[in-house]
Structure formats: C-alpha cells, structure tokens
There are 2 protein chains.
Amino acid sequence: MATIHDVAARAGVSPATVSRFLRGQRVRSPEAIQAAVDELGYWPSAAAQSLKSGRTRTIGAVVPDITNPYFAAVVKGMESVARRQRYRILLANSEESSEQEDEVIADMVRQVDGVILAPATEQDQTPMHVRDADVPMVFLDRDLADGEQFDAVLVDNYDGARQAAAHLLGLGHRRIAAISGNQDTTPGRCRRDGFVETLAAAGIDIRPDHDLIGDFREASGYQLTMVLLSLPEPPTAIFTANNLMTLGALKALHDMRVDIPAQISLIGFDDLDTGPLLRPPLTVIDRPMVEQGVLAMRLLLRRFDEQYADDIPRRIVLDTKLVERASTAPPQEETELPGRRTGRTRSL
Amino acid sequence: MATIHDVAARAGVSPATVSRFLRGQRVRSPEAIQAAVDELGYWPSAAAQSLKSGRTRTIGAVVPDITNPYFAAVVKGMESVARRQRYRILLANSEESSEQEDEVIADMVRQVDGVILAPATEQDQTPMHVRDADVPMVFLDRDLADGEQFDAVLVDNYDGARQAAAHLLGLGHRRIAAISGNQDTTPGRCRRDGFVETLAAAGIDIRPDHDLIGDFREASGYQLTMVLLSLPEPPTAIFTANNLMTLGALKALHDMRVDIPAQISLIGFDDLDTGPLLRPPLTVIDRPMVEQGVLAMRLLLRRFDEQYADDIPRRIVLDTKLVERASTAPPQEETELPGRRTGRTRSL
DNA sequence: CTGAAAGCGCTTACAG
DNA sequence: CTGAAAGCGCTTACAG
C-alpha cells in the first residue's frame, strides 16, 4: 500500500506538503500531488493518523441488543449523521449485561473519539472508564445514577406510562396488571412508577400479583403473561413495558386463545413496524427512534467543537405519544378466560 | 493516559519487557508489571499497536440496512463470534447503494483486518478496493458477478423460491403474481428465477403484469401490491421476495380490505419475529439468520490463520424451509375484490 | 530473559 | 509556502 512518502516522492514534494494538501491547506503544486494520490490509489493510514493526532474519527456505539428494532433504528440514525461527517461507528452489544458492557467499553474507549451508550443497568462502572479516557459520552434511552454529568437523549418514560394507565382507566378497567422491565434501569423504573402511581392516583392500588417485573426480553413477557392468566382473578388489562415483552405477551395470549381486547386489553410501550398488522393491531405508547440516534450523535459531535466542549450537559427529553389501535377496549362485564374452563371458548 | 513507558518505569523494567508480558511471554517479574498495569489502569493504544503490527483486530461489516431484522440478526451473530475472539466491529450501512458502499469500504478497508459484506448490487467496485488493500473478505447473503473468488455464506435462494411456487401450485393457484427484488442482486435474480421457472415447469407462464420488480423495501411491496389489486384480473396469490416487501404487501392488502387468504394468498421470503402474530399468521420461506452471521465471521477469522490463509474460497450455501401458517389457502372459486365494487365487503 | 534501538505512517511546530 | 525533524505508543529483530 502506498504511503505518504510514496506520494511525496512521485509528486516531487515532501511528505509534509502532501499532508498539508490533504488537509486542504494551500500548496504550490496541488495538481501534481493530486495526480500522485490518484495514480497510487493513496489512502492515509487511520492508525498512523490517530496515533499522531489523538483523534480516531470513530464513535463507539453500545446497545443492549441490536436485534431489538428500537436499537436498530437508533443505530441507523446515529450512522446517518456520522457518515455525513466522515465518522465511523464501532458497534457493540452489551446483551443487557453490565459486565459485558464494561468490558466492551474498556476495550473501545481508547480508540474512539466519543461513546454513545444505552447502559445495561444503572449500576455499571462505565462512567469511570470513560472519564479516565477523557472521552465525551452521550447516554441514550437509559440513564445512570450519576448520569446528570453527561449529555443524554431520553424520552419521558414516566409520562408515557402515565398515558398508558390513563388510557386503560378511561376505558373503565380496574383490574390492571403491569409487566415491567428491569428495575435497575431508568426506563424500567420510570415506566413502572408512572404506571403504578397513575393507577394509585385514581384510587386503584395495583395488586401485588398483578405487579410483575420482567427483564425487557420476549421470553419474560411470555412467561409473566402466563402467570397472570393462571391467577384466580386475572387482570382485564395488561401493560407491557417494552416492545419485546409486548410481543411475548401477545404470543402467550394467542397460545391461550384469549380474545384481545374482548377478554383482556393489551397496551405496550414502544411501537413496532408490524404494530398495525398484528392480531389485533396494537395500541401502544410510541416514541421517536431514528430521531433519538440522530440527536445523540449530534450532541456528541458537538462536544468535539472547542466552542461547546465544556458546556454544561445537555439533556434532551422527548415526548411519547399514545397510538390507539385495536388491542384495548372497555372490560367485559364478566370476564371468562378459556384457561378457567367455563365451557365457552372462542377461536381467534 | 498511561503509556507502556509509564508501566515500565513503575515496574522497573523496559517497555519491551512490558510488551512481552502483555502478550503472554514469560518474563522475570510478572507480578511487578501486573501491579503497575493495575495501578495505572494501563490499556494499550490500539492505534499504536496496529500501526506497528499491521493488524487492527477490527472487522468491517457492511450491510444494506441495519433496521432490516434479517441484517440485524446477522450482525448480532457476527458480533457474538467476534467478541469472543476479541475482535471489534466497524458497522456501516450502504443503504442499498453501490456508491455509498464503495465509499464506506474504501474508507474502512485500511483499518480493518477483514470485511464481511452484503453487497448492494452485483456491479459494485468493492472487490477492487478490498483486493488492493489485500484484506480478506466474506460475502454474505448476496454475491457478486466475480464472487467465486471470495468466501461466502449464502442461502439457496433459487430453491427457496421454488418451494414457494410449488406450495402455491399445490394449493391450486394458477393466477400467481411475484413481487421480486432488485434484479442486479443475486437474491433478487435467483428468487425470481426460481419462482418463475417453477411456475413455467408446471405449464404456467407468469403474466407480464403479474411479474413485478421492486427494490426490497417496504414501500415497493406496498405500491406494487396496489398495482396488482388494480388489475382487471388480479392474482389469487402473491409471492414477495423479502421480509420488508412482504410487510408492504400485507399493509396494502389490509388497506384495501382484502381477505387473506380467502381472496388472495400471500407468501413471503424471510420470516419475521412477528410472523406468527400477524393478521393472518404468515406463510413464509424461512432461512437461518443469526447463524449466517456466525458462519461468515468464522470463515473470515479462519483466513487470519496462516494455515488456512490461502485455501480456495469456501462457499457455504444454507437451505431454506417452508413455514406454513395461515396466509395461504386454495383459491376461491370466484374472486371478488372490494376494490372492484361488487357490492360485498368484508371487514377484517 | 532482557534492553536499546529502529521503525510502523503520519502530523506539526520550527526555521527558512 | 516548504522541508527536515521530532514524536505519537507501540513491537520486534538484534545483541547480550
């Protein structure tokens, strides 16, 4: 591979001049240098550049799970902004594990100019690594206990859950269950709090056996829904705190031949591409996805600008929106579940 | 940030010895060095390492669209193998554009040890860049015209489409439409060929107005389905050549209040997470996803092993599988479409 | 086993 | 505007 010396030799100038030309400075023989670059197919070595300059033009993106459509969309948003500014993206999955996240970040933090992180939990050590490396970081979707020191792009999880609860209450539901996410994550906690407290404010204390904690994965949505269905008095409505658990709940309800929304209403946090096409079309709390990635990347790149490098942390909180489709309805007078063997069944 | 010199000074040895210790060689005072590393929180500079060694322990992954669940799953598979071997992943979206792909690859090829590429089209210049950089490459999902010179992980697209056609023929359909993908991609061509030729072998020449070419995106699935529905004689069954176009077709059929499968059967290439939960549950041609990413990464890492570096290209072709659900059924005697205004309507 | 030294490919004050 | 030179942080023959 051609080096800057090869280009210099061919163009009859010094490597320093080639370097200057490449960074857009005015030089005496731009044509000759450009010709040499073209003929040799020269492309600078990123390793050498970053060793020298201390900048890598690379951003680390760490998400719990890239196959979650929410995070895939977020990464796409990040990528589109980054590419336009000639930054690259180093992608890592933490698989919802703080340990894996810490490891991955420790490894990448030395070779990126900044990090965008959707933390696995609120307790991880990440900020230490990142602060040691003195690299800007933006939190996305989730926050840390001492997160206020960093830029962040979040949504109003509490209010989103409040909207969900208000919607179910408005329909007349009283026996309402929640399948929440990990309580050591911000969205996990805020969504549960927003939901439970809104019920409480309406005079309804959620029953302990209707107040279930999952882990944001599909399997836990499925299993906990099964638990709810096996209760002596199952709920007439279920709130699931993210897209994957909503899918799990939907599968469980299908498997048990529960009629949605006639027998049980279902409302989830996060929309899905297929949301309108599902049986039934899902009522959800929607939030921006690609846009969150775009905003996070902009916030991060902004920190590379001397002018803003030391600004106080900016925290962008986006609104959620209730999307009413067909999975929620007023409760039936008398709720019969097929699992209860009341004689009546209904096929979907 | 601490450098190897700092560690050496603190441990009372030379940088060379620290370097050797770090790579697992036997040294005289391992404890002192380890202590110095720990106390200083030392982590080697990746830039310096790769400048010196010529290896980056980074793999470039280029996919047309990370929000396509298929590619998200594939990237996840790649990532899990890479992480275990302490490789990192540089992710780029080509957005189904050869130009963007070439640009992105030219930029990353100097700073990765290898590339896994799902090419946007069969005509792009990518192999040139990659060959110039003398970096191993593995093709994934899609092939290039001269792709035989590279490792590849593919599925038997032709046979998958054949299965889809055979399934519809077996149900008794004769007026069958195909919404294919870009014909300058391998899957686009093979799936159309497999489908059309299987029909032809059964004595059915697909009608030109039923033989539509889309671009693998949801919008084209939607639009082309609308076109089919507006035909004087619409098909009784539709084959869509990938997951996103299937979703688009499903939306169009819903919007036009077409009863699936009573009025029109739908079969798609690629399964979806929500496949079983859709209205109706989709009959699809399924193929491995995460597994393809895993295999591609293994093939690539294998090339870094001197022993296999010069082996002839390995091409892994995986089988597809028909998953029968509820979106396909025998054609109705008399097909009425609501769009045709026959007086009857049916709500879903 | 160890250390001094060269060098990977750049960038950037410095002197001209 | 230009070039010689130093140096970014490592690794690795080389000599001991």
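Reminder, nothing fancy here: chain letters follow the sequence lines and each chain counts from 1.
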Please confirm whether the shortest side-chain N or O distance from [X] to OP1 or OP2 of [N] is below 4.0 Å.
{"X": "B/Ser45", "N": "D/dG9", "value": "no"}
{"X": "A/Thr3", "N": "C/dG9", "value": "no"}
{"X": "B/Arg28", "N": "C/dT2", "value": "yes"}

| Got a second to check how far B/Leu300's CG is from B/Leu117's CG, nearest 0.5 Å? |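 If we round to the nearest 0.5 Å, B/Leu300:CG and B/Leu117:CG are 11.5 Å apart.
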| task | Identify which one of B/Thr58, B/Thr56, B/Leu301 satisfies the side chain to side chain contact (heavy atoms under 4.5 Å, CB included) criterion when paired with B/Tyr87. | result |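 When B/Thr58, B/Thr56, B/Leu301 are each tested with B/Tyr87, the side chain to side chain contact (heavy atoms under 4.5 Å, CB included) holds only for B/Leu301.
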| Criterion side chain to side chain contact (heavy atoms under 4.5 Å, CB included) against A/Asn68, the qualifying member of A/Asn93, A/Val63, A/Val74, A/Asn242 | A/Asn242
Close N/O contacts between protein and nucleotides 11-15 of chain D (under 3.5 Å):
{"residue": "D/dT11", "atom": "OP1", "partner": "B/Arg23", "partner atom": "NH2", "Å": "3.2"}
{"residue": "D/dT11", "atom": "OP1", "partner": "B/Gln49", "partner atom": "NE2", "Å": "3.0"}
{"residue": "D/dT11", "atom": "OP2", "partner": "B/Ser19", "partner atom": "OG", "Å": "2.6"}
{"residue": "D/dA13", "atom": "N6", "partner": "B/Arg20", "partner atom": "NH2", "Å": "2.9"}

In whole angstrom, give the distance that lies between atom [atom1] of [X] and atom [atom2] of [N].
{"X": "A/Arg110", "N": "D/dC8", "atom1": "CZ", "atom2": "C1'", "value": "12 Å"}
{"X": "B/His5", "N": "C/dA4", "atom1": "NE2", "atom2": "P", "value": "10 Å"}
{"X": "B/Phe21", "N": "D/dC10", "atom1": "CZ", "atom2": "P", "value": "15 Å"}
{"X": "A/Leu51", "N": "D/dG9", "atom1": "CG", "atom2": "C1'", "value": "5 Å"}

| query | Charged N to carboxylate O under 4.0 angstrom, B/Arg189 versus B/Glu122? | reply |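 Salt bridge between B/Arg189 and B/Glu122, a charged N being under 4.0 Å from a carboxylate O: yes.
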| message | Any carboxylate oxygen within less than 4.0 angstrom of a Lys/Arg side-chain nitrogen, looking at A/Asp311 and A/Arg302? | response | yes
| request: Give DNA chain D the dot-bracket treatment, 5' to 3': Watson-Crick (N1-N3 with N6-O4 or O6-N4) or G-U (N1-O2, O6-N3) under 3.5 Å, [ ] crossing, | other strand. | output: |||.||||||||.|||
| request: Determine whether the side chains of B/Arg88 and A/Gln111 contain a donor N or O and an acceptor N or O closer than 3.5 Å. | output: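 A donor-acceptor contact under 3.5 Å links the two side chains.
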| Got A/Leu154 and A/Thr186 here, is their nearest side-chain heavy-atom distance under 4.5 Å? | no
| Taking the six-membered ring of A/Tyr308 as reference, does the NZ or CZ atom of A/Arg314 fall below 6.0 Å from its centre and within a 45° cone about the axis? |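 That pair does not qualify as a cation-pi contact.
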| Considering only the C1' atoms, how many Å lie between D/dT12 and D/dG16, rounded to the nearest integer? | 16 Å
| request: Verify the neighbour count for atom CG of A/Asp305: are there more than 12 heavy atoms of other residues, nucleotides or ligands below 6.0 Å? | output: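 Enclosed.
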